[in-house]
Number of protein chains: 2
Amino acid sequence: MIGSGIKRGTAELAVLSVLQDAPLHGYELARRIEQQTNGALRFTLAALYPMLYRMEQQRWIRGTWETSANGRRRRCYRLTPAGKKKLSPLQREWAELFRALQRLTKVAHA
Amino acid sequence: MIGSGIKRGTAELAVLSVLQDAPLHGYELARRIEQQTNGALRFTLAALYPMLYRMEQQRWIRGTWETSANGRRRRCYRLTPAGKKKLSPLQREWAELFRALQRLTKVAHA
DNA sequence: GTTTCATATATAAGATTCTTATATGTAAGG
DNA sequence: CCTTACATATAAGAATCTTATATATGAAAC
């Protein structure tokens with residue numbers, strides 16, 4: 001059955017998905033999520049940073065401090081093997097949730 | 001853009017969808033949601049009742065006390081016109097969220 | 001030069017929501 | 001009687017989200 005966390009877990013799927021591609025820091029992560037969804041999905045940074053902490057504690061991502069060319073320090077997150085492994089079941093869970101909701105509205109319509 | 005409430009609003013869509021069909025009381029609502037999604041979606045009653053309160057305060061549903069044939073009192077909820085009107089945009093929002101998440105994982109895959 | 005915007009991370013306070021556990025009570029079946 | 005199904009409700013604590021704020025650099029504009 002669909003985990004209860006799923007109701008809140010939009011961000012996790014989004015973050016893991018985007019990190020599949022390349023390691024990124026928080027600010028850029030937020031921007032990419034917004035861009036790649038045409039603005040449909042948007043996370044405030046105040047919500048995003050604590051999320052990244054949580055995901056790091058769960059070992060899905062790992063952050064390292066880096067200094068960019070322009071001298072700014074930033075925390076660069078990359079997917080861990082565990083995070084990679086988490087991704088496909090998460091995707092499946094979301095798909096299942098969506099199908100369940102569709103079924104509900106359809107059954108009700110009928 | 002997708003409202004932030006959407007991340008939590010699974011229940012709302014589910015409840016409104018099921019109530020489209022017929023007025024129902026909480027306990028039965030929970031059962032139908034579970035049945036109609038083949039167990040994929042399940043809400044505990046302790047989570048459901050406060051939700052129904054909230055939805056009633058928002059005027060999406062209206063509850064009336066009824067006494068069933070077997071003498072049990074129960075609160076029967078039915079969709080209000082406002083709730084009906086809320087339903088299709090909510091569905092659209094969810095579809096958009098899903099498309100956005102799919103886009104994210106696909107873009108990342110490419 | 002100084003104001004402003006984009007970059008970048010972080011935390012606090014308050015509100016909301018979720019989970020787990022518990023309370024209450026009826027009815028039916030064994 | 002005892003258990004299962006029905007039916008609603010609340011409390012306590014955990015988790016989460018929102019809004020606001022703090023800090024600091026680099027670049028561009030004026």
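Just so we're on the same page: letters track the sequence lines, and every chain starts at 1. From a predicted model like this one, the values you see are computed outputs, not experimental measurements.
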Do the side-chain N or O atoms of [X] get closer than 4.0 angstrom to the phosphate oxygens (OP1, OP2) of [N]?
X     : N      : value
A/Y49 : C/dT9  : yes
A/R31 : C/dT7  : yes
A/R54 : D/dT16 : yes
B/Y27 : D/dA5  : no
B/Y53 : D/dT10 : yes
B/R74 : D/dT8  : no

Nearest-Å distance, [atom1] ([X]) to [atom2] ([N])?
X     : N      : atom1 : atom2 : result
A/E34 : C/dA6  : CD    : C1'   : 14 Å
B/Q57 : C/dA15 : CD    : P     : 16 Å
A/L29 : C/dA10 : CG    : P     : 13 Å
B/L45 : C/dT20 : CG    : P     : 14 Å
B/W65 : D/dA7  : CH2   : P     : 12 Å
B/R75 : C/dT24 : CZ    : C1'   : 18 Å
B/E12 : C/dC18 : CD    : C1'   : 14 Å
B/L48 : C/dT19 : CG    : P     : 12 Å

(message) Among D/dA20, D/dA7, C/dT9, which nucleotide has an atom closest to any side-chain atom of A/A46?
(response)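 Closest of the options to the side chain of A/A46: D/dA20.
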(request) Looking only at side-chain atoms of A/T44, point me to the closest of D/dT19, D/dC17, D/dT8. (result)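 Taking heavy atoms from C-beta onward, the closest nucleotide is D/dT19.
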(message) Restricting to non-hydrogen atoms, name the atom on B/L16 and the atom on B/G83 that form the minimum distance, rounded to 0.1 Å.
(response)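 Smallest interatomic distance, heavy atoms only, reads CD1-O, 4.1 Å.
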(request) Please report the shortest heavy-atom distance between A/A100 and B/T37, naming the atom on each side. (result)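 Minimum heavy-atom contact is O-CG2, 3.5 Å.
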(request) Using the side chain to side chain contact (heavy atoms under 4.5 Å, CB included) rule, pick out the option among A/K84, A/K85, A/R54, A/M55 that qualifies with A/W60. (result)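 Exactly one candidate clears the test, A/M55.
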(message) I'd like to know if B/E28 and B/R75 make a salt bridge, using a cut-off of under 4.0 Å between side-chain N and carboxylate O.
(response)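 Salt bridge flag = no for B/R75 with B/E28.
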(request) Would you mind checking if B/R78 and B/E56 are paired as a salt bridge, meaning a charged N to carboxylate O distance below 4.0 Å? (result)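 Salt bridge absent between B/E56 and B/R78.
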